[in-house]
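Since the structure comes first, as structure tokens, the remarks are kept for the end.
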Amino acid sequence: MGARRRNAPGAVQMIGVPKLRSNLGLSNGEIAAKLIEIRTLAEMAGQPFYEYMAYEKAAASIENAPPLAELVASGKHLRLPGIGKKIGAVIEQLLKTGTAEPLEVLHKRFPPTILEVLNVDGIGTKSAAMLFDKFGIASLDDLERALREGRLDDAPRLGVKTLANWRRNLLAYKARVLRTPLARARSIAREVMDYMAEGPPVHRLLPAGSMRRQEVTVGDIDLVCTAEDPQAVIARFASWERAEAVLAEGSTKASIWLAGGLQIDLRVLPPHVYGNLLQHFTGSRGHNIKVREYAVRKGLRVSENGILDLASGGIFTTAEEAEVYAHMGMDFIAPELRSGLDEVDLALKGTLPKLVEIEDVRGDLHMHTTWSDGRDELEEMIEAAAARGYEYHAISDHSPGRGRFGLSAQRMREQKDVIESLRGNYAIHTLHASEVDVLEDGSLDYSDEVLAQFDLVIASIHTGFHESRDAITRRIVRACENPYVTIIGHPTGRRFGEFEGYEFDLNAVFSAAARTGTALEIDGQAPRLDLSGTMARHAATFGVTFALDSDAHRVEALEGVELALGQARRAGLTKDQILNAKPLPELLNFIRTKRSRH
DNA sequence: GCCGTTTTCGGCCCGACTGTTTTCAGTCG
């Protein structure tokens, strides 16, 4: 389910991804990491449980909130769930100075490097504090040396098995990738599920956990299923040829590691509690806490084993997850919304949004062909888009700025002729579009006369990432103001493991997009997922319209629309907010309206 | 430390597993 050992308390080390920023203070992720640091060190220091847990709740709240730097200016950060006066002041200090008083106090007790030790599975805050106080172990290196030299062998309450586990898990940690991008996790999950399908019968085999919630990265893959012969199913799973190591193989659960350290857990569930267990293992941790807190007030105790009525002693179990929510008198909460913020309140009031679904998506407005940097031919892309059942789609090759890949104005006219000549050959309407570069001054890579010949224009930043926040903001706002620009492509430029995205004034860009009738893209290309669900949720408050695109450069990548959809659902978007959920005439009207306003 | 559709004070999710122990603390999901 939700926060795993290595991304919850303690695991605060930053992945080495460059973040371009001005000196405007910390990002939400960085502030959340500092709060988690306080939470973890406070637990180690023996502070009361509910005091340090408040920091954990606050951190989760912040990760799903709009940028704090902007909220704090108006004092609105105190309205976020889990943020009161004390933590609110800590956040203000963090933004101003990069540190805060409680953190400084704790750092006098423990060095920051002690948190490294918690990344070893099986070592929690109690053990880490003991290791520091009794053995002076203040870092992962210290621990490794102490284990190697046998200095812990005679310690009280540390038996042979415990030390062996620590040694093994320390090596595993050092070899492990921290989090895996969703698209990669999906493809691995599909692979193992295909493999399982060839073996003894399995039913209702599904990914749960962060993957089911469509988080942009996952810590590990949780699979659940039912089976008549659980033992046979587990044996097959544990003998998958891609498993580098089998961590556990019991009667209802097995865990394997793949090369690179990604862990996959399989749980075989009894059919009559499948619904309860799926709900439990989907998480998030914060969501389950919210659900159970509400249940307690109703005299119910919720767990993976069922819903216990404390008054009567009766227990409610179900094969259907939706009935878990129904039993507590709330609407079904889609997995993508189970963040632990306000979704339980909304479900109780019956005011959850009706999320956009894959069937609502009528077309894909962003894809490339061999005319620019795509792998597959124009007709192959048209045919594949038609095969997905779309009403329409757009071919959007690059503008000249993309070097040898870009289309000159002349080539662009040739492509337009080809597309027109193919019209009627396929059961889909093909729009002739362009993904045009936003140049460093905010002008576009084609003249307006050329742009006017496209059915649709996506404007994207591909160069000049290192410009200042103000300069990037001006570029995007100016692109929004161009009457021919329908969509801003991959708005933040983020690429997993490479680049965290250029920085700009979100409020200025989101309000410009809304004001000018320009859609913002949720780009579903595997390394992008840009906008993320969190950002899109913020943008939606400005009244922005979104485009869910694959940005495919080959036929198979067209399924990227599903990833974009996942982020839209995490943002709580309905189909009315999605440009490519509109019928073709309405889409064309959206484009025409903006062009005619100028 | 935060919070309120029984509360501004008195609560705060739940269970499984492991290793070390004679009854449980620590860790994890």
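Here is how names work: the chains are called A, B, and so on, in the same order as the sequence lines, proteins then strands, and each is numbered from 1. Worth knowing before you read on, the calculation uses all heavy atoms, side chains too, and leaves out hydrogens, waters and symmetry mates.
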Task: N/O donor-acceptor pair under 3.5 Å between A:R569 side chain and A:G533 backbone - done: no
Open item on the list: Students often mix this up, so state it plainly: with edges at 30° and 60°, are the rings of A:F316 and A:H327 parallel, tilted or perpendicular?
Closed with: parallel
What nucleic acid atoms does [X] come within less than 4.0 Å of, heavy atoms only: base, sugar-phosphate, or nothing?
X	answer
A:I83	sugar-phosphate
A:V90	nothing
A:K290	nothing
A:I87	sugar-phosphate
A:E51	base
A:V291	nothing

Please report the distance, rounded to the nearest Å, between [atom1] in [X] and [atom2] in [N].
X	N	atom1	atom2	value
A:E43	B:dA25	CD	P	15 Å
A:L158	B:dT21	CG	C1'	13 Å
A:L308	B:dC13	CG	P	16 Å
A:R157	B:dT20	CZ	P	9 Å
A:K298	B:dC13	NZ	P	18 Å
A:N165	B:dT27	CG	P	13 Å
A:N288	B:dC14	CG	P	11 Å
A:K253	B:dA16	NZ	C1'	9 Å

Task: 5' priority, DNA chain B, between A:K57 and A:P81 [closest heavy atom] - done: A:P81
Open item on the list: Quick check: on DNA chain B, is the nucleotide nearest A:T252 upstream (toward 5') of the one nearest A:R297, or the reverse? Name the residue that is more 5'.
Closed with: A:R297
Task: Carboxylate-amine/guanidinium contact A:R213 A:E336, below 4.0 Å - done: no
Open item on the list: Please name the nucleotide paired to B:dT8 by Watson-Crick or G-U wobble geometry with both distances under 3.5 Å, or report none.
Closed with: none
Open item on the list: Is there aromatic stacking of A:Y50 on B:dC12 here, judged by a ring-centre distance under 5.5 Å and a plane angle under 30°?
Closed with: yes
Task: NZ or CZ of A:R267 within 45° of A:F281 ring axis and under 6.0 Å - done: yes
Task: Cation-pi, A:F135 ring and A:R151 (6.0 angstrom, 45 degrees) - done: no
Between [N] and [M], how far apart are the two [atom1] atoms, rounded to whole Å?
N	M	atom1	value
B:dT5	B:dG1	P	23 Å
B:dT6	B:dC2	P	24 Å
B:dC13	B:dT22	P	30 Å
B:dT20	B:dG26	C1'	11 Å
B:dG11	B:dA16	C1'	26 Å
B:dC12	B:dC17	C1'	25 Å

Task: Anti versus syn assignment for B:dT22, with syn defined as within 90° of 0 - done: anti
Open item on the list: OP1 or OP2 of B:dT18 versus the side-chain N and O atoms of A:T162: is any pair under 4.0 Å?
Closed with: no
Task: Contact under 4.0 Å: A:N305 side-chain N or O vs B:dC14 OP1/OP2 - done: no
TODO: Take atom CZ of A:R167 as the centre, draw a 6.0 Å sphere, and report whether it contains more than 12 heavy atoms from other residues, nucleotides or ligands.
DONE: yes
- [ ] Assess whether atom CD of A:E293 is packed by more than 12 heavy atoms of other residues, nucleotides or ligands within 6.0 Å.
- [x] yes
Task: Selection from B:dT20, B:dG1, B:dC14 that lies nearest to any side-chain heavy atom of A:K161 - done: B:dT20
